[in-house]
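Along the sequence shown, residues carry numbers from 1. Whatever order the structure lists ligands and atoms in, that order sets their numbers, starting from 1.
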Amino acid sequence: MSALLEVSGVSVSFDGFRAINNLSFSIGPAELRAVIGPNGAGKTTFMDIVTGKTRPDEGSVTWGERSISLLKLSEAAIARVGVGRKFQRPTVFEDQTVAENLVLALKSKRGPVAALLYALSAQGRDRVLELAQEVGLADHLPRKAGELSHGQKQWLEIAMLLAQEPRLLLVDEPAAGMTLAEREHTTAMLVEMARTRAVVVVEHDMDFVRRLNCKVTVLHEGSVLAEGTLDHVTRDPAVIEVYLGRG
Ligand SMILES: Nc1ncnc2c1ncn2[C@@H]1O[C@H](COP(=O)(O)OP(=O)(O)OP(=O)(O)O)[C@@H](O)[C@H]1O
Ligand SMILES: [Mg+2]
């Protein structure tokens with residue numbers, strides 16, 4: 001099976017400091033991957049490179065069946081080919097209902113008039129409901145987004161990203177600030193999403209990573225330190241030394 005995203009030999013320095021150092025990473029079209037590693041390991045910078053926010057000094061980032069280079073595309077173009085990114089703080093429209101937020105997310109894909117007509121059509125209403133169901137918010141469609149819990153806002157934002165139909169979803173520390181029940185729901189949701197698309201999850205919460213039950217990539221000083229099952233990487237002495245053993 002060929003990779004959806006292939007990052008190869010990528011490095012980037014900020015003021016002489018090598019934040020990413022000869023990093024290689026690849027993920028298949030329907031794969032869930034956890035990325036872990038100590039603070040400053042380069043996890044967020046890795047996502048910045050894939051989404052075009054940061055340009056590497058060397059290396060390649062290729063995408064899809066035709067292996068196009070993402071390094072030649074703008075951030076907007078990278079989003080259009082199918083890379084979606086979830087940032088840590090939710091950016092939903094608090095004064096709008098859950099349903100309205102989802103309609104707005106569908107709109108940015110279609111243009112304003114087409115989206116409005118689509119949202120009013122039976123097909124559009126079905127799509128809004130379907131998106132809400134994917135993240136467990138189907139019973140909350142008429143509520144103002146501002147009334148949702150922190151976790152529910154995160155799920156709404158994930159549903160808004162799904163409206164763009166990404167083939168790869170990058171999620172940075174989704175569990176932060178969530179209750180245990182919310183974290184459990186989030187892992188189940190990410191597992192389900194990765195059945196049909198690639199999902200990369202950066203997370204420090206080891207219980208969360210364990211529940212994802214997927215291949216794990218450990219980053220350290222901008223490079224891959226270890227890769228494999230969680231049991232495999234957590235037994236690795238180098239991983240224990242730099243990450244798990246720190247207290
Ligand atoms: N735009 C930038 N300018 C200068 N330095 C940067 C920039 N972005 C990241 N860095 C540095 O690169 C290193 C990697 O940072 P990054 O945010 O990718 O780490 P991280 O693995 O996401 O850490 P955390 O777990 O704390 O979120 C850090 O030392 C950081 O200070
Ligand atoms: Mg980070």
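- The closest approach between any non-hydrogen atom of G37 and ligand 1 is not below 4.0 Å.
- The protein atom (non-hydrogen) at minimum distance from atom 14 (C) of ligand 1 is G40 O, 3.3 Å.
- Nearest to atom 15 (O) of ligand 1 by heavy atom, out of T54, V202, T44, T45, is T45.
- Among all non-hydrogen protein atoms, the one lying nearest atom 27 (O) of ligand 1 is E173 OE2, 3.6 Å.
- A salt bridge is absent between K43 and D172: the closest approach of a Lys/Arg side-chain nitrogen to an acidic carboxylate oxygen does not fall below 4.0 angstrom.
- Applying the 4.0 Å criterion to heavy atoms of A19 picks out, from ligand 1, the atoms 12 (O), 13 (C).
- A salt bridge links D231 with R210; the closest basic N to acidic carboxylate O contact falls under 4.0 Å.
- For a distance bound of 2.8 Å, the N, O or S atoms of N39 include none lying that close to the Mg ion (ligand 2).
- Interface atoms of ligand 1 facing H204, defined by a heavy-atom separation under 4.0 Å, are 25 (O).
- Counting protein heavy atoms under 4.0 angstrom from atom 19 (O) of ligand 1 gives one or more.
- Using a cutoff of 4.0 Å between basic side-chain nitrogens and carboxylate oxygens, E147 and K144 are not scored as salt-bridged.
- Taking a cutoff of 4.0 Å between a charged side-chain nitrogen and a carboxylate oxygen, R33 and E203 do not qualify as a salt bridge.
- For atom 2 (C) of ligand 1, the protein comes within 4.0 Å by at least one heavy atom.
- Looking only at heavy atoms of the protein, atom 8 (N) of ligand 1 is closest to F14 CE1, 3.5 Å.
- K43 NZ, 2.7 Å is the protein heavy atom nearest to atom 25 (O) of ligand 1.
- Atom CD1 in I49 sits 5.0 Å away from atom CD1 in I20 (nearest 0.5 Å).
- Using a 4.0 Å cut-off between charged side-chain N and carboxylate O, E65 and R167 make a salt bridge.
- Taken to the nearest 0.5 Å, the CG atom of L244 stands 12.5 Å off from the CZ atom of R235.
- At under 3.5 Å, a nitrogen or oxygen of A41, whether backbone or side chain, sits near a nitrogen or oxygen of ligand 1.
- Of all heavy-atom pairs spanning L71 and S60, the tightest one is CD1-CA, 4.0 Å.
- Salt bridge status for D48 with R85: present, with a side-chain N to carboxylate O gap under 4.0 Å.
- In terms of protein heavy-atom proximity, atom 26 (O) of ligand 1 is closest to N39 ND2, 2.8 Å.
- Contact annotation for F17 and ligand 1: only side-chain heavy atoms (C-beta onward) come within less than 4.0 Å of the ligand.
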